[in-house]
Amino acid sequence: MDKSFSPTDVEPRWRARWEELGVGIADAASDRPSFSIALPPPNITGALHMGHALQQSVQDILARHHRMRGYEVEWCPGTDHAAIATQNVIERQLAAEGLTKEELGREAFRARVDAWYEEYGGRIFEQMRRLGFSCDWSRARFTLDPAYVRAIRVVFKELYDEGLIYRGPRIVNWCPRCRSAISDEEVEWQEHTDSLVRIRYPVEGGGDITIATVRPETMLGDTGVAVSPGDPRYAGLVGRTVVLPLTGRRIPIFEDGAVEPEFGTGALKVTPAHDPTDYDIGQRHGLPMIGVIALDGTMDVPDLPRFHGLSVNRAREEVTVALRELGAVVGEEEYVHSVGHCDRCKGVLEPLISEQWWVTMRPLAEPAIAAVETGEVRFHPRRFANVYLDWMRNIRDWCISRQLWLGHAIPVSTCVNGHRFAWIEHPDACPECGSAELADDPDVLDTWFSSALWPFAIFGWPDDTPDLRRFYPTDVLVTAREIIFLWVSRMVMTGLRFAGAKPFGDVIINSTIMAGDGSRMSKSKGNVVDPLDMIERYGADAVRAWAGAVGTAGQDMRFDENRIASYRLFANKLWNATRLLVTRLGDGERIAEAPEVDPATLHPEDRWILARVAETVTACDAAIAAYRFHEVMERLYDLTWRGYCDWYVEMIKGRLGEDADPASRAAAVWTSVTVLDTLLRLLHPFMPFVTEECAVRLPGAAPTLQGREWPAPPSWWREGANGAADGVERVIELVGALRNARQQAGLPPGFRERQQVTLRTPDDALSAGDLRRLVQALVPVEVVDEL
RNA sequence: GGGCGGAUAGCUCAGCCGGCUAGAGCGUCUCGUUUACACCGAGAAGGUCGCGGGUUCGAUCCCUGCUCCGCCCACCA
């Protein structure tokens, strides 16, 4: 064996070996209990980042652990077509080439997208393989697979036929850049400093009323002015009519509870077509909706050529100028407020009225609320249950249509006679009148609509497949907290409604990895860390162990590369612990799992380390059950390095020599190999490569850890017979004191001459002989009866 | 406006239901090349556990107020 562990040499070999062995390929027909995880499918928008590496490592730790426990483990991988995100990526790519998708045409655009999926989809799986993930690659899914598309249509049709999906003109978050509507959950709010302009509107029959707005340009679409009910300032104006400047439109002054009397002037211009609040107010009072902004984000006011066609920003200035000319502007002040941006392209959103498809959420939400309230679905950390519940309880209808080139077509057609219907297979004729003249709906579905079906669609739903019966519901979902609303909540709703059961029992919200300075990692800031770099530098095991150690704390973590580096050292330590045994023992010696050892032949230090291993297994079992992987990693690290290498191995080196007493040697061999083998198995879910490589080198070992069981030490290990383990603990303290004294005295570490001590044992935890032997093995002193 | 999380050694973080000299990794200092490992070993230094009150025999851990940092939600005209 080489002096140090080389991940680059070892990893490809084991990846190939696992592939050969079919590790990860689940057998739906086996009689083992099942354990399943649906991988949150990464968007195919580029390479994976450290967040993915962390989240997926946690899943593989669970998968490998359960496999060792005898479960039939199905960890189903896949990728998400991520319509809006991918379209954005491709459009940016085109822009860099000086092209638009319109110039390219639909056909060529589609080809380009397919090529992208091909390349990056493969790259994502390749990255995952580099980390040694034991996914079930045979069942890999893509949200554009034909079977998956069918599941989407079945769900859509059912909701449509039940009236829970409807189409209608409502105010939406419109992204002028993407030229699409997006849902409320995809809005990213950013602070803007704008000018809050006070504008005086003349009132018919004398007088005036002053409103305050940060969007003067939308006044062209005003259809009312609202004041707070009972506001004494405006008591005389309510019920009268404003003549809107620039347009001459006559609009009413009325009262509405949504108006904050303290804000601005206490009077609100109401533009139902371009503001969500105003939309609601308009609905309440039956105001007309006058759209003044087009889908491309320019003013759409042909009757007002001064403004028509201007961008919204230009129009804001121009309208203000025009109002100033009329003397209507009576004040301006800087004002900080939040403006909605598209979370994909970051463009400013334009609320406007548009015909879209919606899902009525309330009926779907009720069972999903109950599932979490009753503990059927559990969040870890628990506090995220409240985040989920708050959202669910205040749920609003979901805008599911998108005006993109990419995505799942809305499966609805309308015939020439006006019959509209949803379908699963595209029909040739209208089911109502038989007309063959059908117009298909031009929109596509929100990506999250398809993602929402992931946990059951991947197993063949709506068909009653063996996989579905066997692996649904899944056991654990490991995901990021920013998609609790976008994804987790919707999976619970659709799972309960369509698959007849919750999609998963436990939801682990993994830690968020921040940059070293506490800011968010992002490509634009250039502070993202590439998992492949980390793998190359420290090995896949180190990256995984790091993920296990920080992944489920549920906290933001500042990325600390040193932490990964420390696990590379740990891998090397394991390697060298193995190397020691291999070089000292030779291949013929029997080990591990050999039940033949007679406990009576074991020495106190043997009993001590066995007891510690047994305790650690118990603690790890509890920690894993609670998803406290950091605790597992910490304990195993400490036991391996501190307990086994620093103390136990140093204690028994003498006993491993050729000239040692054969019985003593046999006991030391059995114990050292058994303990190391146990540690390697315990660590295997975290660090599969190095543990495989070490475990198979131990004398008499199996050719792979695959199929080996999770350790369950017999009860006699922890009994530590006659307090021998306590005695060893005391030796450790004593040795520490002796070393300290020697160093205080300025002795060089190896200095042995005239170093004599006498020791007295306060009880018979250790025999005088064992005490002398252990102390002399660890400190260069001579233990004598009398100084 | 509402809610949540964080503030523990120079750095990144653990510390479950209140009770041991408050821990780890990295870093720092001293010593060391003894055939597992210098990707190492031995020893050591380093913390008023954000600040102020309170409960308790006893609080890093509970209550309360405050100060910073971060996140989420909300119809911030």
Side-chain angles (χ1 to χ4, degrees), chain A residues 1-6 171 184 189 191-192 196-198 211-215 218 225-226 256-260 263-271 275-281 335-339 351 381 383-384 386-387 390-391 394 481-482 484-485 511-512 514 516 518-520 538 542 546 549-550 553-584 622-623 626 628 630-631 633-634 637-638 641-642 645-646 649-650 653 735-736 739-744 746-752 778-780:
Chain A
M1 290 173 73
D2 291 341
K3 265 182 107 166
S4 55
F5 177 64
S6 167
I171 193 150
D184 295 340
W189 295 93
E191 279 204 341
H192 281 214
L196 182 65
V197 185
R198 287 165 195 256
I211 55 85
T213 182
V214 289
R215 302 207 55 188
T218 63
V225 173
D256 190 279
V259 178
E260 286 293 335
F263 190 95
T265 63
L268 171 69
K269 67 186 266 309
V270 183
T271 321
D275 182 279
T277 309
D278 293 7
Y279 177 84
D280 289 343
I281 295 174
Y335 179 65
V336 179
H337 64 136
S338 292
V339 174
R383 61 175 182 275
F384 292 112
N386 293 326
V387 175
D390 286 348
W391 183 83
N394 298 304
R481 68 163 174 261
E482 67 255 29
I484 291 176
F485 306 145
S511 311
T512 307
M514 313 298 278
S519 68
R520 218 162 248 293
Y538 307 109
W546 163 81
V550 305
Q555 278 310 128
D556 288 356
M557 305 284 302
R558 293 182 181 211
F559 181 68
D560 181 9
E561 192 170 328
N562 283 327
R563 193 90 185 256
I564 297 182
S566 75
Y567 291 112
R568 179 188 62 160
L569 303 183
F570 183 56
N572 190 56
K573 193 68 180 175
L574 284 170
W575 173 261
N576 273 291
T578 305
R579 193 159 92 99
L580 170 82
L581 295 186
V582 169
T583 51
R584 297 243 182 155
R628 295 194 307 265
H630 61 285
E631 184 184 333
M633 209 42 231
E634 208 168 283
Y637 183 101
D638 180 70
W641 202 314
R642 261 61 266 191
C645 294
D646 289 352
V649 171
E650 294 304 326
K653 272 182 178 168
V735 166
R739 285 173 175 167
N740 185 304
R742 287 172 50 88
Q743 193 126 349
Q744 297 284 310
L747 299 180
F751 186 78
R752 188 174 284 276
L778 297 163
V779 194

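By convention in this document, chain letters (A, B, ...) are assigned in the order of the sequence lines, proteins followed by strands, and residues within each chain are numbered from 1. The structure presented is a predicted model; accordingly, all values stated were derived computationally and were not measured.
Spacing between atom CG of A/L581 and atom P of B/C37 amounts to 13 Å, rounded to whole angstrom units. Separating the NZ atom of A/K3 from the P atom of B/G41 is a distance of 14 Å, rounded to the nearest angstrom. The separation between A/M514 atom CE and B/U12 atom C1' is 14 Å, rounded to whole Å. With rounding to whole Å, A/D646 atom CG is found 14 Å from B/A24 atom C1'. Rounded to an integer number of Å, the gap from A/Q555 CD to B/U8 P is 13 Å. Atom CG in A/D556 sits roughly 8 Å away from atom C1' in B/G6 (whole-Å rounding). Look at CZ on A/R383: it is 11 Å from P on B/C4, rounded to the nearest Å. Distance A/D2 CG to B/A36 C1': 13 Å, rounded to the nearest Å.
Backbone-only engagement by A/F485 is indicated by non-hydrogen atom pairs under 4.0 Å involving sugar-phosphate atoms exclusively. Within the nucleic acid shown, A/V214 comes within 4.0 Å of sugar-phosphate atoms alone, with no base atom in reach, counting heavy atoms only. Looking at heavy-atom distances under 4.0 Å, A/N562 makes contact with sugar-phosphate atoms alone, never a base. Note on A/S4: a base of the nucleic acid sits closer than 4.0 angstrom, heavy atoms only. Within the nucleic acid shown, A/R198 has no heavy atom closer than 4.0 Å to any nucleic acid atom. Looking at heavy-atom distances under 4.0 Å, A/V336 makes contact with a base. Contact annotation for A/W641: backbone-only contact, meaning every heavy-atom pair under 4.0 Å involves sugar-phosphate atoms and none involves a base. Among the atoms of the strands shown, base atoms are found under 4.0 Å from some heavy atom of A/V259. Residue contacts for A/Y637: at a heavy-atom cut-off of 4.0 Å it reaches the sugar-phosphate backbone alone, with no base atom in range. Residue A/Q744 is out of contact with every strand shown, counting any heavy-atom pair closer than 4.0 Å. Nucleic acid contact class of A/T213 (heavy atoms, under 4.0 Å, all strands): sugar-phosphate only. Using a 4.0 Å heavy-atom criterion, one finds that A/A626 contacts no nucleic acid atom at all.
B/G54 and B/G47 are spaced 25 Å apart, taking the C1' atom of each and rounding to whole Å. Across the P atoms, B/U34 and B/A42 are found 15 Å apart, a figure rounded to whole Å. Rounded to a whole angstrom, the distance from the C1' atom of B/U33 to that of B/G41 is 10 Å. B/A7 and B/C49 are spaced 14 Å apart, taking the P atom of each and rounding to whole Å. Comparing B/G5 with B/G10, their P atoms are spaced 27 Å from each other, to the whole Å. A gap of 30 Å separates the C1' atoms of B/C16 and B/C73, to the nearest Å. For the C1' atoms, the distance linking B/G46 with B/C29 amounts to 11 Å, nearest Å.
Between A/R584 atom CZ and A/K653 atom NZ the span is 6.0 Å, to the nearest 0.5 Å. The CG atom of A/D256 sits 9.0 Å away from atom CG of A/D280, with the distance rounded to the nearest 0.5 Å.
With both pairing distances under 3.5 Å, B/U55 is matched to nothing as a Watson-Crick or G-U wobble pair. B/U35: no Watson-Crick or G-U partner with both key distances under 3.5 Å is found in any strand. The partner of B/G5 is B/C69, judged by Watson-Crick or G-U wobble contacts that both fall below 3.5 Å. When Watson-Crick and G-U wobble pairs are counted only if both distances are under 3.5 Å, B/U48 pairs with no nucleotide at all. Pair check for B/C20 finds none; no Watson-Crick or G-U wobble contact set falls under 3.5 Å. In this structure, B/G43 forms a base pair with B/C29, meeting either the Watson-Crick or the G-U wobble geometry with both donor-acceptor distances under 3.5 Å.
Distances from the side chain of A/H337 to the nucleotides B/G43, B/G41, B/A77 place B/A77 closest. Side chain of A/N572, nearest nucleotide from B/C13, B/C39, B/A77: B/C39. Distances were taken from every side-chain heavy atom of A/S566 (C-beta onward) to each of B/G70, B/A36, B/C26; the shortest belongs to B/C26. Listed candidates were B/A77, B/C39, B/G43. Nearest to the side chain of A/E260 is B/A77. Of all nucleotides listed (B/U30, B/A14, B/A36), B/U30 comes nearest to the side chain of A/Q743.
In this model, the phosphate group of B/A24 is not approached by any side-chain N or O of A/H630 to a distance below 4.0 Å at OP1 or OP2. Taking side-chain N and O atoms only, A/K573 has no distance below 4.0 Å to OP1 or OP2 of B/G25. The side chain of A/R742 places no N or O atom within less than 4.0 Å of a non-bridging phosphate oxygen (OP1 or OP2) of B/A42. Listed pair A/R568 / B/C39 fails the phosphate criterion, with no side-chain N or O lying under 4.0 Å from OP1 or OP2. The side chain of A/N740 places an N or O atom within less than 4.0 Å of a non-bridging phosphate oxygen (OP1 or OP2) of B/A44.
Between A/L196 and A/H337, every side-chain heavy-atom pair lies at or beyond the 4.5 Å cut-off. Inter-residue side-chain proximity for A/W575 and A/N572 is flagged as met; some heavy-atom pair is nearer than 4.5 Å. A/T583 is not listed as a side-chain neighbour of A/M1, based on a closest heavy-atom distance of 4.5 Å or more. A heavy-atom distance below 4.5 Å is not found between the side chains of A/W546 and A/M557.
You won't find any donor-acceptor pair under 3.5 Å spanning the side chain of A/E650 and the base of B/A42, going by distance alone.
Side-chain N or O atoms of A/N394 include one that pairs as donor or acceptor with a backbone N or O of A/D390 at under 3.5 Å. Checked by atom type and distance alone, the side chain of A/N576 pairs as donor or acceptor with a backbone atom of A/K3 at under 3.5 Å.
When the nearest nucleotides of RNA chain B are assigned to A/K653 and A/A212 by heavy-atom distance, the more 5′-ward of the two goes with A/K653. Heavy-atom nearest nucleotides on RNA chain B were determined for A/R642 and for A/R579, and the one closer to the 5' end corresponds to A/R642.
Across all their heavy atoms, A/F5 and A/A571 have their closest contact at CD2-CB, 4.0 Å.
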